[in-house]
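Encoded as structure tokens, the structure appears first; notes follow it.
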There are 2 protein chains.
Amino acid sequence: MANSQNSNTMKEKTALPTVGSPVRGSESGQPIMVLFDLLGRRWAMGILWGLSGSNRTFRDLQTHCGSASPSVLNTRLKELRAAHLIEKAADGYSLTEDGRALFKHLEPLGDWAKDWAPTLSNKSDL
Amino acid sequence: MANSQNSNTMKEKTALPTVGSPVRGSESGQPIMVLFDLLGRRWAMGILWGLSGSNRTFRDLQTHCGSASPSVLNTRLKELRAAHLIEKAADGYSLTEDGRALFKHLEPLGDWAKDWAPTLSNKSDL
DNA sequence: AAATTTGCTACTAAATTAGTAGCAAAAGTA
DNA sequence: TACTTTTGCTACTAATTTAGTAGCAAATTT
């Protein structure tokens with residue numbers, strides 16, 4: 001299959017967030033904001049979530065992520081790889097050590113969200 | 001000042017994420033994805049972060065959030081209020097109980113990010 | 001009662017994402 | 001070996017979201 005991505009194929013418009021530089025959503029360039037910029041991009045967290053269970057191929061991720069268009073999915077995969085949160089394994093994409101560590105912190109949010117989410121429909125007053 | 005926002009002034013195009021319905025970034029409508037959709041929107045996490053220290057007025061948030069344009073900031077504030085994560089107090093916007101609980105889970109990410117972020121510049125190979 | 005500050009709304013431009021089509025390399029099959 | 005299917009993308013246009021600027025009315029301060 002076409003693994004045509006060599007080191008400098010990424011002709012992105014969107015800069016990868018880096019420490020010390022202003023990122024989308026913050027001028028500070030503080031680590032937490034860099035992280036938030038990255039994770040805030042569409043499908044980013046969904047990908048991490050999807051890979052937490054098992055490795056997945058591109059096509060696999062595509063269907064798992066509902067309807068993610070290949071262009072966005074691929075862009076996000078590149079970014080997450082550049083951020084060393086995911087990597088390519090023999091059987092598809094997988095979380096790196098860093099990615100797994102991050103997921104550990106993200107996971108509790110899932111449980112919290114289960115309690116929180118229902119209140120949206122109930123208390124909703126806007 | 002103009003508190004012209006009565007219950008149904010929100011003529012948004014973007015739907016507020018709710019449980020059970022597909023959200024941006026996921027078709028599942030699972031709580032965690034609803035949360036991610038909400039938090040993933042530009043400035044959302046930055047606002048929570050900003051309010052975690054102290055209450056802030058609209059204008060205050062604007063400067064704190066770097067350069068957030070009033071339109072986006074206001075949209076986000078409405079969404080976060082609808083999600084019961086923030087609310088209006090006498091001295092500006094503040095986190096609700098839910099918001100504070102969520103922040104408790106988000107906070108550790110800040111520490112983790114401090115260790116992770118530097119590796120971006122070092123290991124970067126894309 | 002001015003002057004200033006606050007909390008927005010409105011509008012246009014720029015950036016990001018969605019969505020569809022398609023193709024070359026790899027893998028599987030006969 | 002030749003053929004078929006699957007995988008991993010790239011390219012392109014349309015739709016949606018965000019940025020950015022201007023401005024105004026209510027509240028607050030002087």
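Between B:Arg81 and B:Glu87, no side-chain nitrogen of the basic residue sits less than 4.0 Å from a carboxylate oxygen of the acidic one, so the salt-bridge criterion is not met. Ion pairing between A:Arg76 and A:Glu79 holds under the 4.0 Å rule for side-chain N and carboxylate O.
Each salt bridge (charged side-chain N to carboxylate O under 4.0 Å, His left out) pair with one or both residues in residues 101-113 of chain A, not counting sequence neighbours, appears once here: A:Asp111-A:Lys114. The stretch residues 44-54 of chain A participates, sequence neighbours left out, in no salt bridge (charged side-chain N to carboxylate O under 4.0 Å, His left out) pair at all.
For A:Asn74, the side-chain atoms get nearest to D:dT10 when compared with the rest of D:dG8, C:dG7, D:dT10. When distances run from any side-chain atom of A:Tyr93 to the nucleotides C:dC8, D:dC9, C:dT16, the shortest one goes to D:dC9. Proximity note for A:Val72 (side chain, C-beta onward) versus D:dC9, D:dG8, C:dA18: the nearest is C:dA18. Looking at the side chain of A:Thr57, the nearest of the listed nucleotides C:dT9, C:dT6, D:dG8 is D:dG8. Here C:dT17 is the nucleotide among C:dT17, D:dT21, C:dG19 with the atom lying nearest to any side-chain atom of A:Arg41.
Regarding B:Phe58, its CZ atom lies at a distance of 14 Å from the C1' atom of D:dC24, rounded to whole Å. We find that CD1 of B:Ile86 is positioned 13 Å from C1' of C:dG7, with the value rounded to whole Å. In this structure, B:Leu73 atom CG and C:dT6 atom P are separated by 14 Å, rounded to whole Å. In this structure, the CD atom of B:Gln62 is 11 Å from the P atom of C:dT6, given to the nearest Å. In this structure, B:Leu61 atom CG and C:dT6 atom P are separated by 12 Å, rounded to whole Å. In this structure, the CZ atom of A:Arg59 is 13 Å from the P atom of C:dA21, given to the nearest Å. Rounded to whole angstrom, the span from the CZ atom of A:Arg56 across to the P atom of D:dC9 amounts to 17 Å. The nearest whole Å value for the distance from the NZ atom in A:Lys88 to the P atom in D:dT7 is 13 Å.
Evaluation of atom-type donor-acceptor distances gives a pair under 3.5 Å for the side chain of B:Ser71 against the base of D:dG20.
Contact annotation: B:Lys78 reaches the phosphate of C:dT9 (side-chain N/O to OP1 or OP2, under 4.0 Å). Distances shorter than 4.0 Å separate none of the side-chain N or O atoms of A:Arg42 from OP1 or OP2 on D:dT17.
Side-chain contact check for A:Trp112 versus B:Leu102: some heavy-atom pair is nearer than 4.5 Å.
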